[in-house]
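Keep in mind that what you see is a predicted model, and the values were worked out from it rather than measured.
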Protein chains: 2
Amino acid sequence: MPDIKHFDPDTVLDTVVRLFWRQGMATTGIQDIVTATGLNRSSLYATFGGKQELYLAALHRYREQWSRPAFRGLAEDDRGLPAVAEFFDSLIGVRCSGEYARWGCMISNAQAGAENGDPDVRAFLDQHHEELREALRAVLVVAGAEGQLAPGTDPATAADLLALLAYGVNLRSRAGAEAGSLSATVAAALRSLGSGTTD
Amino acid sequence: MPDIKHFDPDTVLDTVVRLFWRQGMATTGIQDIVTATGLNRSSLYATFGGKQELYLAALHRYREQWSRPAFRGLAEDDRGLPAVAEFFDSLIGVRCSGEYARWGCMISNAQAGAENGDPDVRAFLDQHHEELREALRAVLVVAGAEGQLAPGTDPATAADLLALLAYGVNLRSRAGAEAGSLSATVAAALRSLGSGTTD
DNA sequence: GCTATCTTGAAACGGTCGTTCCAGGTAGCC
DNA sequence: GGCTACCTGGAACGACCGTTTCAAGATAGC
């Protein structure tokens with residue numbers, strides 16, 4: 001049979017994710033991708049299709065590698081508010097330090113960019129938002145059952161609030177916000193949702 | 001003396017703001033601007049300089065026309081929390097309906113884009129963030145003095161929280177979030193900050 | 001009305017964009 | 001080993017990018 005691919009598409013996609021994540025879709029050229037991945041234009045187009053499809057594939061890969069693991073860890077945690085605190089701590093850690101510091105969130109960046117005009121991207125963004133909300137809601141339901149929430153706090157509404165807060169963290173971190181400042185703000189938000197009891 | 005400009009730079013800048021606001025900097029070409037404003041490349045470059053300077057001028061114009069009036073209205077309002085509620089209502093109104101629906105905030109968009117790598121843009125973003133925080137802080141100090149805040153609520157920290165929330169609203173509105181959903185979330189946030197008294 | 005000075009129109013610059021095409025190379029099956 | 005089906009390298013495509021240049025047009029002061 002035929003010759004076989006001389007590269008691993010998923011490895012290539014990881015490199016592509018980093019390019020789109022840091023620079024955005026519009027600012028990243030095919031040439032950048034060719035240079036960074038080392039593979040040829042022909043192989044690129046044969047494997048992934050054009051730029052738009054490649055970007056969409058990168059978005060999906062990002063979600064699989066970053067968003068969903070975090071969401072799972074959140075939804076499956078039965079500690080309630082401490083789980084939310086840990087989620088945000090970890091988020092701020094990635095956003096403000098290490099290799100990806102000041103890159104923001106690839107998906108949040110997509111919301112602000114022109115790429116969100118594409119129907120497929122838009123659908124992806126909506127779905128991502130629902131997954132984030134649902135994970136937060138699930139853990140807040142637990143928190144409510146444990147009596148960690150202030151009286152009259154609706155878990156779903158609080159989840160919406162925290163979701164928007166996460167977007168704010170993503171945005172500000174890309175512009176260089178300090179981790180300490182973001183942490184303090186998140187802590188205050190959780191305090192205002194909480195019942196005031198430490199346990 | 002010489003010939004005089006055949007156009008009003010501020011009017012042109014308004015058109016340019018709309019282009020950059022809606023499409024982003026990277027996706028907006030000089031040709032788009034020439035077409036939309038009707039004036040010539042020569043006049044454009046002679047008046048504003050290159051694309052980067054034009055974008056920066058548009059950012060400043062946006063702040064003068066949108067951000068600062070809203071910030072002033074907020075900081076000068078002595079009603080406390082109701083002023084904050086009105087600020088967000090008005091924000092959501094602009095973001096979700098009318099001519100600028102789903103455009104998001106030009107400055108929030110800039111935070112997510114590649115343009116934030118430019119030092120001038122970065123400085124602008126920082127200053128804008130400070131102005132937003134300060135306006136919110138001022139009105140929250142009033143709210144605190146009027147006993148509208150929950151006990152132990154620090155106005156400055158609460159201002160940071162609301163600022164991040166505003167960024168979240170800007171981001172989600174661009175991706176098509178419903179006004180009603182955003183309003184409900186904001187209302188919940190204000191409720192969680194409040195003392196629970198209606199007046 | 002002439003001149004000096006600025007503005008305007010339009011063409012053109014080199015470079016880069018995303019994409020396509022094709023010859024040459026390589027692996028598996030007969 | 002030959003055939004076939006696929007992949008790779010590299011050149012090339014037309015279109016558009018931001019920017020520059022220059023001649024022609026327009027205005028205020030003399």
Side-chain angles (χ1 to χ4, degrees), chain A residues 1-13 15-59 109-110 113-121, chain B residues 1-59 61 109-110 113-121:
Chain A
M1 280 280 180
D3 195 0
I4 253 174
K5 277 191 206 308
H6 301 176
F7 59 93
D8 174 29
D10 276 344
T11 306
V12 167
L13 215 42
T15 305
V16 175
V17 162
R18 281 209 276 270
L19 284 175
F20 281 138
W21 182 1
R22 187 179 33 171
Q23 312 178 21
M25 170 176 189
T27 329
T28 302
I30 296 288
Q31 182 57 48
D32 296 332
I33 294 169
V34 167
T35 304
T37 62
L39 57 80
N40 200 271
R41 290 176 144 73
S42 309
S43 311
L44 209 62
Y45 277 84
T47 307
F48 301 103
K51 189 185 183 183
Q52 189 73 28
E53 289 141 301
L54 182 54
Y55 177 73
L56 217 58
L59 268 184
N109 295 346
E115 52 266 37
N116 90 342
D118 179 80
D120 293 331
V121 173
Chain B
M1 280 276 181
D3 193 359
I4 252 174
K5 279 190 206 311
H6 300 177
F7 61 92
D8 174 28
D10 276 343
T11 306
V12 167
L13 215 42
D14 283 338
T15 305
V16 175
V17 163
R18 282 207 277 269
L19 284 175
F20 281 138
W21 183 0
R22 187 179 32 169
Q23 312 179 21
M25 169 171 189
T27 328
T28 302
I30 295 289
Q31 182 57 48
D32 296 332
I33 295 168
V34 166
T35 304
T37 62
L39 55 79
N40 202 271
R41 289 177 145 76
S42 308
S43 312
L44 210 62
Y45 276 85
T47 308
F48 301 104
K51 189 185 183 182
Q52 190 74 27
E53 290 142 299
L54 182 54
Y55 177 73
L56 217 58
L59 268 184
R61 176 114 184 126
N109 296 346
E115 52 266 38
N116 90 344
D118 179 80
D120 293 331
V121 172

Exercise. Measure the shortest side-chain to side-chain distance between A/Leu13 and A/Leu54 over non-hydrogen atoms and say whether it is less than 4.5 angstrom.
Key: yes
Quick check against the 3.5 Å criterion: does B/Lys5 have a side-chain atom that pairs as donor or acceptor with the backbone of B/Thr47? no
Between the side chain of A/Asp118 and the main-chain N/O of A/Glu115, is any donor-acceptor distance below 3.5 Å?
no
Separation of C/dC6 atom P from B/His6 atom NE2, nearest Å, is 14 Å
Item checked: Sub-4.5 Å side-chain heavy-atom contact between B/Val121 and B/Leu56 -> yes
Residue set satisfying side chain to side chain donor-acceptor pair (under 3.5 Å) with A/Asn40, at least two apart, ordered chain then number -> A/Ser42
Quiz item: Below 4.5 Å, heavy atoms only, C-beta onward: do B/Phe7 and B/Thr11 meet side chain to side chain?
Solution: no
Can you pull every protein N or O that's under 3.5 Å from an N or O on nucleotides 23-25 of chain C?
none

Taken to the nearest whole Å, NZ/B/Lys51 to P/D/dC17 is 8 Å
Rounded to the nearest 0.5 angstrom, the CZ-NZ distance for B/Phe20 and B/Lys51 is 6.0 Å
Rounded to whole Å, CG of A/Leu54 lies from C1' of C/dC17 at a distance of 15 Å
Between B/Tyr55 and B/Val16, is any pair of side-chain heavy atoms under 4.5 Å apart? no
Within residues 15-45 of chain B, the residues having a heavy atom closer than 4.0 Å to DNA chain C are B/Asn40, B/Arg41, B/Ser42, B/Ser43
Between CZ of B/Phe7 and C1' of C/dC6 the distance, given in whole Å, is 12 Å
